[in-house]
Amino acid sequence: MARWRRGDFLLAPWVLGGRGSAGLPLFDEVAGAAGLGAFRDICGSRRKDYLVETVGSGVAIFDYNGDGLPDILLISGSRFGLPPHPLLPAPVSRLFRNNGDGTFSDVTYASGLVNTGWGMGVAVADYDNDGHPDVYITNFGRNALFHNNGDGTFTDVTNEAGVGGGNWSTGCAWGDYDGDGRLDLYVARYVDFHRARIPPPGAGGFCRYLGVPVACGPRGLPALPDLLYHNEGGGKFREVSREVGMGSTPAAYGFSVVWCDFDGDGRLDAFVANDSMPNFLWHNQGGRFEEIGLEAGCALSGDGRAQSSMGVALGDYNNDGWMDLYVSNFSEDYSTLYRNRGGQFEDVTFAAGLGADNLRLLKWGTAFVDTANRGWRDIFVADGHIYPQASQAGNSYRQPNQLYRNLGDGRFALEPTEACGFLQRQSSRGAAIGDLDNRGAMSVVVNNIDSAPFLYRPAAAPAGHWLRLRLQGTRCNRDAIGARVRVSAGGLRQTDVVTSGGSYISCNDIRLHFGIGAAAEADTVEVRWPNGGAEIWRGLAADREHRLRQGDARP
C-alpha cells in the first residue's frame with residue numbers, strides 16, 4: 001500500500017523531483033493488496049499458436065457510480081473452445097469499485113457490466129449526455145456497448161445502438177467529429193481472422209521471429225477496414241466510414257486510436273497506430289476526412305520506415321502548446337516521439353534521448369504523466385513480448401516496464417528500474433493513468449497477459465502542487481471530450497486535451513491533471529470548448545479538483 005497520508009503533498013517545493021533515482025522508489029506495486037490480484041487477462045493457450053492469443057487487452061479508469069472515486073475496468077480475453085479451468089477464474093472482463101481506502105471490490109456481476117466476449121480494447125464516455133459514463137468494449141467477435149443506468153448498473157444496448165462491429169476490433173475512441181454535441185465512435189480493426197485458415201506456427205514467410213517458429217501474422221494476412229459510427233441521437237448510431245471519405249484508403253492493421261485537433265483548425269482529427277503499416281492521420285475537413293499521415297510526417301519513422309505500432313500517448317511534452325505523439329513499437333525497433341509543429345510532425349526520438357534504451361523491448365501501453373507535479377510530463381511505457389518463444393531468439397517474453405523522466409529541455413532520461421519500483425517482469429499490455437486516491441498523485445494500472453495486473457501507486461506524495469480539472473459541457477458534449485485546456489502557473493504554460501481512448505487500446509481517467517510545482521494557484525485556466533467557445537478561469541487554488549462548467553466562468 002502507499003506509504004503516505006492525506007496532506008503529505010504539502011512538502012516544500014524545493015524538493016521537486018527528489019524521488020526515483022535519489023533513493024525512494026517512485027511507485028509501489030500494490031495490485032494484490034488492493035484487491036486486484038485474482039484477475040487474469042486470459043488469452044488463449046500458453047503456447048500462443050495464434051496471433052489473437054498474443055496481443056492482450058486494455059484497461060480503463062473511470063468513476064462508474066458517481067461517488068467521486070475512480071474505479072478500474074480490466075479487460076480479459078478468452079480461449080479457443082476450451083472448457084473453463086476449474087482452478088482459474090472465468091475469462092470475463094472485471095469491474096472493480098474503488099472503496100476509498102486503497103482497496104477495490106469486484107462488482108462485475110452486480111453492475112451488469114459483463115463482457116463475456118474475447119475482450120480487446122475499451123473507451124468510456126457519456127455518449128447520450130445523461131451525466132453517466134458509458135462503456136464500449138471491443139472484442140475478437142461482437143463488440144459491446146454498455147449503457148450506464150445511473151444507479152450503479154449497466155445494460156448491454158449493442159444491438160439497439162447498432163455498434164456491434166465484427167471479426168476483430170482493437171482500439172476505440174469517442175469524439176464529436178462533426179460538432180453536433182453528440183459523441184461519435186472510431187473503432188480500429190486488425191486482421192480478418194478465421195482460425196481455420198491460419199497456417200500453423202513456423203509455416204510461411206511471416207510465421208517466424210528471428211528464425212524461431214511463432215504464431216503467423218499480421219503480415220501475410222488480410223487487414224480489416226476501420227469503422228466510424230456517427231451518433232444519430234436517441235441511442236442510435238450509423239456506420240459512416242465510407243461516406244466520410246475513409247473508404248478510399250486501403251485497410252491496415254489498426255491498434256490504438258486518439259481524437260485530437262492536431263492543427264488548431266477547430267475540428268477533431270483521428271490518429272491511428274497501425275501495426276507493420278504506415279500510421280493513419282485522418283484530417284477532418286468539416287465532416288469528411290482525408291488521410292494525410294505521410295504528408296504530416298507521422299505515418300513513418302524519421303528514416304522512412306513503416307513501424308509496427310501498438311500504442312499511442314498524446315501530450316504536450318515540451319509545453320509549446322501543440323499536442324505531440326509518442327507511439328510505442330515492436331521489439332528490435334525504437335518507439336517514436338513525434339513533435340507537433342502546428343499540424344506537421346517531426347520524428348525527434350533520438351534528439352530527445354529516447355532511441356537507445358528500448359530496442360529489445362516490445363512496447364504497448366503508454367502515457368505522458370507528470371509523476372512529480374513539476375509541470376513537465378514524463379513517459380510511461382508497458383513492455384512485454386508477444387512470443388513465449390522469444391527467449392529462444394535471444395530476447396525475453398517477460399520484460400520490465402519503463403519510465404522516462406522529462407528533463408524540461410526537450411530531452412528525456414530513462415529512470416532505473418529499481419528507482420521506479422518496477423521490479424516485477426510480466427508480458428504487459430494495456431495501461432491507464434489516473435488519480436485513484438484523489439490526492440494529486442497519478443497511479444498507473446497495467447494489464448498483464450495471463451497474469452495478475454500491476455497497480456503502481458506513488459510511494460510518496462509528489463513535492464509539487466497540482467490542479468485536477470473536471471470539465472462539463474452544456475452546449476457541447478457533456479464530457480467536453482475534445483476540449484483544449486491551457487493552464488498558466490509558476491511561470492509555465494501547459495496544454496492538455498480531454499480524450500477517451502489511446503494508450504494501448506485503453507482509457508485514462510478523463511479528468512485532467514496538471515502539476516504546477518511551487519505555485520499555490522493557477523494564474524489562468526483557459527478552456528476552449530469543442531464547439532469553439534472559450535472561457536478563462538483565474539486564481540484557481542492548488543491541490544484540489546475544480547469542476548469547470550461551460551458558461552460558468554466570470555468575465
Side-chain angles (χ1 to χ4, degrees), residues 1 30-42 57-79 84-128 130-139 141-161 163-164 172 235 430 432 434-438 443 445 447-448 452-453 455 457 479 500 506-511:
M1 304 299 293
V30 297
L36 307 179
F39 175 81
R40 298 291 185 275
D41 177 15
I42 302 299
S57 310
V59 56
I61 296 176
F62 70 110
D63 179 9
Y64 86 95
N65 57 356
D67 65 357
L69 298 170
D71 310 296
I72 298 171
L73 175 62
L74 288 158
I75 306 301
S76 175
S78 189
R79 304 183 182 94
H85 194 289
L87 300 180
L88 294 176
V92 174
S93 301
R94 299 281 175 170
L95 176 64
F96 291 90
R97 183 188 65 223
N98 191 333
N99 298 321
D101 60 0
T103 68
F104 294 80
S105 296
D106 187 339
V107 296
T108 305
Y109 288 100
S111 71
L113 207 169
V114 182
N115 181 65
T116 57
W118 193 309
M120 289 286 164
V122 58
V124 178
D126 181 7
Y127 74 83
D128 57 354
D130 67 354
H132 309 294
D134 311 299
V135 178
Y136 188 77
I137 298 177
T138 59
N139 288 302
R142 172 186 176 272
N143 302 328
L145 175 62
F146 294 92
H147 179 260
N148 191 325
N149 301 319
D151 59 0
T153 68
F154 293 83
T155 300
D156 186 335
V157 296
T158 311
N159 291 339
E160 300 91 321
V163 291
C172 52
D435 186 355
L436 294 175
D437 302 303
N438 285 339
S443 296
V445 183
N447 208 347
N448 296 320
L455 169 51
R457 194 172 247 139
D479 280 339
S500 173
S506 294
C507 190
N508 299 320
D509 185 352
I510 199 172
R511 303 174 299 175

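- The nearest pair of heavy atoms linking T153 to A110 is CG2-O, 3.9 Å.
- Scanning both residues, L74 and F96, for their nearest heavy atoms gives CD1-CE1, 3.8 Å.
- A search for side chain to side chain donor-acceptor pair (under 3.5 Å) contacts involving T155 returns N149, not counting sequence neighbours.
- Not counting sequence neighbours, the partners of D63 by the side chain to side chain contact (heavy atoms under 4.5 Å, CB included) test are N65, D67, D71.
- Looking only at distances, no side-chain donor or acceptor of N99 sits under 3.5 Å from a matching main-chain atom of D101.
- Pairing each heavy atom of R457 with each of A34, the nearest pair is NH1-CB, 4.3 Å.
- Closest non-hydrogen pair, T158 versus G164, comes out as CG2-CA, 3.6 Å.
- By the salt bridge (charged side-chain N to carboxylate O under 4.0 Å, His left out) test, D128 is found to be paired with no residue, residues two or more places apart in sequence or in another chain being considered.
- Considering all non-hydrogen atoms of both residues, I72 and V59 come closest at CG2-CG2, 4.1 Å.
- A donor-acceptor contact shorter than 3.5 Å links the side chain of N139 to the backbone of G119.
- Ion pairing of D435 with R511 is absent here, as no side-chain N (NZ or NE/NH1/NH2) approaches a carboxylate O to less than 4.0 Å.
- Scanning both residues, F146 and V114, for their nearest heavy atoms gives CZ-O, 3.5 Å.
- Residues satisfying the side chain to side chain donor-acceptor pair (under 3.5 Å) test with D134, not counting sequence neighbours, are none.
- Residues satisfying the side chain to side chain contact (heavy atoms under 4.5 Å, CB included) criterion with S57, sequence neighbours excluded, are D41, C43, I75, N447.
- Checking side-chain atoms of D479 against main-chain N and O of D126 turns up a donor-acceptor pair under 3.5 Å.
- For T138, there are no side chain to side chain donor-acceptor pair (under 3.5 Å) partners at least two apart in sequence or on another chain.
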L436/V445 under side chain to side chain contact (heavy atoms under 4.5 Å, CB included): CA gap, chis, key distance, verdict: CA-CA 10 Å; L436 294 175; V445 183; 4.1 Å; yes
